[in-house]
Colleague: 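One structure, pasted below without further comment.
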Amino acid sequence: MIFKCRVLPLAVLILCQAFPFVFARSPSQAPVAPAGEHRKTSEPYTGDLSIFDSPGRDERLQVNRVMDILGIAAGKNVADIGAGSGWFTVRAARRVGEHGVVYAVDINPESVRYVDERAQKEKLHNVKTILGKADDPLLPAGALDAVLLLKTYHEVAQPVALLRNLRVALRPGAKIGIIDRNGNGEDHGVGRDVVLRETAQAGYRLLEQYDFVKGDKVDYFLVFTAQQ
C-alpha cells in the first residue's frame, strides 16, 4: 500500500515526514533465497583417479593429524564420503586394523570399482565400497565412529539432504570432518560460512575448526557432531 501523506491527518503527516522508513519492508521480511540445496556446486571429478596419490600429499594434508582429531584408531568404523581413488580410505583402513571397517562411498561407479581393486591389491579386507546417491550415502544404521569428506563437499549437489541422511549411520559422539578450500562452489571450493550454515540446517554443531591442512590457510578443516 502506498501512503499519500497529503491526505492523511496532520499527526500521520508528521510521522511520514519524520520517519519515512517506517513503512519500508524490513530486511527480515525480504525474500530469502533457499540455502543449501540450490547453491553452486562443482562438477564431480571423472578423470584419472591416480592423480590423487601425488607424492607428498600425506605431509601437505597432515593426514595422520586429521585422523587423530577425528578419533580414528584401532577397531573404529569410518566412512570416506567422496572416496575417489581411495587415497584416504586405505590410510584409514590401515589405522583401524582388522577389527575396524572403512566404508568408501562415491557416486561414481568407476571410483567404486577403482577402490575395490585397490583394496584387493593392497590386501585391505576391512574396506567396504558403497555406490551412494547425491542425497544419501546409503551407510548402515548406527555403524560409524567417524566420517571424512575430503575435498568433496564442494561437489555435493544436495548437501543438507545428504547430511541428514548420514545421521542415521552415526554412533553417539561420532565426529564428522569436512576438509575443503574457500571458493564460490563451482571453482572446486566452497566458503566456510556456507558449510557452517548447511551443517546447522542438517542438525549438526561445530566442535572444532583448523586451518593447518596444506599450510596455506586456503584450506580449512571443520569438525562436527550431530545435535542430540
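Keep in mind that the numbers below use all heavy atoms, side chains included, and drop hydrogens, waters and symmetry copies.
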Colleague: Calculate, to the nearest 0.5 Å, the distance between atoms CZ and CD belonging to R205 and Q227 respectively.
Modeller: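 Output value for this atom pair is 7.5 Å.
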Colleague: Distance check, rounded to the nearest 0.5 Å: D136 atom CG versus I107 atom CD1?
Modeller: 12.5 Å
Colleague: Over all heavy atoms of both residues, which pair between G177 and F221 is shortest? Give the atoms and the distance, please.
Modeller: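 That would be CA-CE1, 3.9 Å.
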Colleague: Between D145 (side chain only) and N77 (backbone N and O only), is there a donor and an acceptor less than 3.5 Å apart?
Modeller: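 The answer is yes, because a donor-acceptor pair under 3.5 Å joins these two groups.
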Colleague: V213 and side chain to side chain contact (heavy atoms under 4.5 Å, CB included): which partner among D180, L150, D219?
Modeller: D219
Colleague: What heavy-atom pair brings V96 and V101 nearest, and what distance separates the two atoms?
Modeller: CG2-N, 4.0 Å
Colleague: Check this for me, if you would: do D68 and R95 make a salt bridge, where the nitrogen-to-carboxylate-oxygen distance has to be below 4.0 angstrom?
Modeller: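 Between R95 and D68 there is a salt bridge, with a charged N closer than 4.0 Å to a carboxylate O.
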Colleague: Could you walk me through whether Q209 and R192 pass the side chain to side chain contact (heavy atoms under 4.5 Å, CB included) check?
Modeller: CA-CA 10 Å; Q209 53 185 321; R192 182 191 307 233; 3.0 Å; yes
Colleague: Hey, what do you get for OG1 (T225) to CG (L170), rounding to the nearest 0.5 Å?
Modeller: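 If I round to the nearest 0.5 Å, the distance is 7.5 Å.
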Colleague: Might you point out which heavy atoms bring P159 and E198 nearest each other, and give the distance in Å?
Modeller: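 Between these two residues, the closest heavy atoms are CG-OE1, 3.4 Å.
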Colleague: Look at E117 together with K121 and state whether they make a salt bridge at an N to O cut-off of under 4.0 Å.
Modeller: no
Colleague: How long is the gap from CZ on F88 to NZ on K151, to the nearest 0.5 Å?
Modeller: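 Here the interatomic distance stands at 13.5 Å.
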Colleague: Taking it one step at a time, do I178 and F224 satisfy side chain to side chain contact (heavy atoms under 4.5 Å, CB included)?
Modeller: CA-CA 8 Å; I178 296 176; F224 301 90; 3.9 Å; yes
Colleague: Any chance you could measure D58, atom CG, to R65, atom CZ, to the nearest 0.5 Å?
Modeller: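 Output value for this atom pair is 15.0 Å.
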Colleague: Any donor-acceptor pair under 3.5 Å linking the side chain of R118 with the backbone of S85?
Modeller: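 Yes.
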Colleague: How about V147 and I81: do any of their side-chain heavy atoms sit closer than 4.5 Å?
Modeller: yes
Colleague: Please check if the side chain of N126 supplies one atom and the backbone of G97 the other of a donor-acceptor pair under 3.5 Å.
Modeller: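 Yes, because the side chain of N126 sits within donor-acceptor range (under 3.5 Å) of the backbone of G97.
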Colleague: Is there a donor-acceptor pair closer than 3.5 Å between any side-chain N or O of Q158 and the backbone N or O of V156?
Modeller: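 A pair under 3.5 Å: no.
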Colleague: Is there a path from L148 to Y210 through hydrophobic residues (I, L, V, M, F, W, Y) whose side chains come within less than 4.5 Å of each other?
Modeller: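 Same cluster: L148 reaches Y210 through Ile, Leu, Val, Met, Phe, Trp or Tyr contacts under 4.5 Å.
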Colleague: Please round to the nearest 0.5 Å and tell me the distance separating atom CG of L222 and atom OH of Y153.
Modeller: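 With rounding to 0.5 Å, CG (L222) is 10.0 Å from OH (Y153).
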Colleague: Can you check whether L196's main-chain N or O pairs, donor with acceptor, with T199's side chain at less than 3.5 Å?
Modeller: yes
Colleague: With side chain to side chain contact (heavy atoms under 4.5 Å, CB included) as the criterion, how do F212 and I69 come out once you've worked through the C-alpha distance, each side chain's angles and the decisive distance to 0.1 Å?
Modeller: CA-CA 12 Å; F212 65 81; I69 290 169; 3.7 Å; yes
Colleague: Do you know the tightest heavy-atom contact between A79 and L139?
Modeller: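 Scanning both residues completely, I find the closest heavy atoms to be CB-CD1, 3.9 Å.
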Colleague: Between W87 and V112, is there a shared hydrophobic cluster once you connect ILVMFWY residues whose side-chain heavy atoms come closer than 4.5 Å?
Modeller: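 No: no chain of side-chain contacts under 4.5 Å links W87 to V112.
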Colleague: Heavy atoms only: give me the nearest I130-P137 pair and the separation to one decimal.
Modeller: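 Smallest heavy-atom distance, with atoms named: CG2-O, 3.4 Å.
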Colleague: Under 4.5 Å between side-chain heavy atoms, hopping through other hydrophobics if needed: is there a path connecting V115 to V105?
Modeller: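 No, V115 and V105 fall in different hydrophobic clusters.
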Colleague: Look at the side-chain heavy atoms of Ile, Leu, Val, Met, Phe, Trp and Tyr, link any pair under 4.5 Å apart, and say whether L70 and V78 land in one connected group.
Modeller: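 Yes, because L70 and V78 connect within a single hydrophobic cluster, where side-chain heavy atoms sit under 4.5 Å apart.
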Colleague: Name all residues meeting the salt bridge (charged side-chain N to carboxylate O under 4.0 Å, His left out) criterion together with E208; count only those two or more places apart in sequence or in a different chain, and write none if there are none.
Modeller: K175
Colleague: Please name the pair of heavy atoms, one in A202 and one in L163, separated by the smallest distance, quoted to 0.1 Å.
Modeller: CB-CB, 3.5 Å
Colleague: Looking at residues at least two apart in the chain, or sitting in another chain, which of them share a side chain to side chain contact (heavy atoms under 4.5 Å, CB included) with R94?
Modeller: V90, R91, E122, L124
Colleague: Give the intermediate values and the outcome of side chain to side chain contact (heavy atoms under 4.5 Å, CB included) for residues N182 and Y220.
Modeller: CA-CA 8 Å; N182 283 298; Y220 52 81; 3.6 Å; yes
Colleague: Scan for side chain to side chain donor-acceptor pair (under 3.5 Å) pairs involving residues 159-170, sequence neighbours excluded, and state none if there are none.
Modeller: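 For residues 159-170: none.
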Colleague: If hydrophobic clusters are built by linking Ile, Leu, Val, Met, Phe, Trp and Tyr wherever their side-chain heavy atoms come under 4.5 Å apart, do M67 and L207 end up in the same one?
Modeller: yes
Colleague: Would you confirm whether D135, through its side chain, and A161, through its main-chain N or O, come within 3.5 Å as a donor-acceptor pair?
Modeller: no
